[in-house]
Amino acid sequence: MGSLLGDPAWDVRKAAGEALAAMGAPGTLVLRRWAAGTGGDEYAADMARQVLELVALRSAGRER
């Protein structure tokens, strides 16, 4: 599923990120790896960073 973070369609990348976030710790680990740029795909890294930011905001009780 992590590879879908690099899909050309923004809505597919967003859905993949949200699905990974919903998986809890294992999904968050995948998101962190992509956010670090280890996959070599800047679109995937950007989406992973966006989703991780939302996860952090939600856990802090400050969802946008």
Side-chain angles (χ1 to χ4, degrees):
M1 180 171 316
S3 62
L4 290 175
L5 289 170
D7 192 271
W10 183 87
D11 56 338
V12 173
R13 293 193 306 267
K14 178 75 170 161
E18 290 175 349
L20 286 165
M23 293 174 69
T28 301
L29 179 61
V30 172
L31 286 167
R32 287 180 189 200
R33 287 185 178 162
W34 280 98
T38 58
D41 184 333
E42 191 53 39
Y43 288 118
D46 183 57
M47 183 54 67
R49 287 185 208 109
Q50 289 180 44
V51 172
L52 286 170
E53 182 180 330
L54 287 174
V55 168
L57 289 171
R58 287 177 185 154
S59 66
R62 298 184 304 222
E63 183 176 350
R64 297 188 217 181

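Side-chain atoms of Leu20 and Leu5, non-hydrogen and from C-beta on, do get closer than 4.5 Å to each other.
Leu29 and Leu31 fall into different hydrophobic clusters, where Ile, Leu, Val, Met, Phe, Trp and Tyr are joined by side-chain heavy atoms under 4.5 Å apart, directly or via other members. With hydrophobic clusters built from ILVMFWY side chains whose heavy atoms lie under 4.5 angstrom apart, Tyr43 does not share a cluster with Trp34.
Ala44 and Gly6 get closest at one heavy-atom pair: CB-N, 3.7 Å. Contact detail for Ala35 and Ala48: the closest heavy-atom pair is N-CB, 3.6 Å. The two residues Val51 and Ala21 come nearest to each other via the heavy atoms CG1-CB, 3.8 Å.
Taking CH2 from Trp10 and CG from Asp46, the interatomic distance works out to 10.5 Å, rounded to the nearest 0.5 Å. Interatomic distance, CG of Leu54 versus NZ of Lys14, reported as 4.5 Å (0.5 Å rounding).
Within 6.0 Å of CZ in Arg49 there are more than 12 heavy atoms belonging to other residues, nucleotides or ligands.
Here the side chain of Arg13 pairs no donor or acceptor atom with the backbone of Leu4 at under 3.5 angstrom.
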